[in-house]
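Reviewing the structure listed below.
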Amino acid sequence: MTAERINPPDLSPPAGFSHAVVATGTRVVFLAGQTALDGDGKVTGDTLPEQFERALGNLLTALRAAGGTPSDLARVTVYATDVAAYRTHARELGRIWRDVVGRDYPAMAVVEVVRLWDEQAMIELDGFAVLP
């Protein structure tokens, strides 16, 4: 995939995301929402950062199984049960993202939800990728 990250100077400078991503490739992979479930279907992690790291890892496991890499991500949506807590942990979540994915940020949104399918889950990530 070739991805052009577009961050117009008329918009607020992005931190941890891109305002737009123009992706060119041959396959689109739609990634289902991933929480911090382990292989036995149990939510792991007592803190938001722990759950974020596991959910991100699960999203990337699905992406890799489809033949993609983290740099192929074009869009990610984060669903959080507490956006204030997400903001409180933003620096740590950003460090986790950079350590696992790198600095090629997809277009992103964070949305607060009342609850997630897995009741103990604090966070869920979904998205799509464009593969070469």
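In this text the structure is predicted, and so the values were computed from the model without any measurement.
- Not one N or O on the side chain of Arg27 forms a donor-acceptor pair closer than 3.5 Å with the backbone of Gly67.
- Scored by the side chain to side chain donor-acceptor pair (under 3.5 Å) test, Arg54 finds Asn58 as partners (sequence neighbours excluded).
- At distances below 3.5 Å, not a single donor-acceptor pair connects side-chain atoms of Asp40 with backbone N or O atoms of Lys42.
- By the side chain to side chain contact (heavy atoms under 4.5 Å, CB included) test, Pro9 pairs with no residue at all, sequence neighbours left out.
- To the nearest 0.5 Å, the span separating CG on Leu11 from NE2 on His19 amounts to 4.5 Å.
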Side-chain polar contacts of residues 113-132 - donor-acceptor pairs under 3.5 angstrom, sequence neighbours left out - could you list them?
unit_1: Arg115; atom_1: NH2; unit_2: Trp117; atom_2: O; d: 3.0
unit_1: Asp118; atom_1: OD2; unit_2: Thr35; atom_2: OG1; d: 2.8
unit_1: Asp126; atom_1: OD2; unit_2: Tyr79; atom_2: OH; d: 3.4

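- Tracing side-chain contacts under 4.5 Å through hydrophobic residues (I, L, V, M, F, W, Y), one never reaches Leu37 starting from Phe52; they form parts of separate clusters.
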Side chains of residues 90-108: which donor-acceptor pairs under 3.5 Å do they make with residues two or more places apart or in other chains?
unit_1: Arg95; atom_1: NH1; unit_2: Asp99; atom_2: OD2; d: 3.0
unit_1: Arg98; atom_1: NH1; unit_2: Gly94; atom_2: O; d: 3.2

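- For Thr44, the side chain to side chain donor-acceptor pair (under 3.5 Å) criterion is met by no residue, not counting sequence neighbours.
- Between the side chain of Asn7 and the main chain of Ser18, no donor-acceptor pair closer than 3.5 Å is present.
- We find the CZ-CG distance between Arg75 and Leu31 to be 13.0 Å, quoted to the nearest 0.5 Å.
- With sequence neighbours excluded, no residue forms a side chain to side chain contact (heavy atoms under 4.5 Å, CB included) with Thr61.
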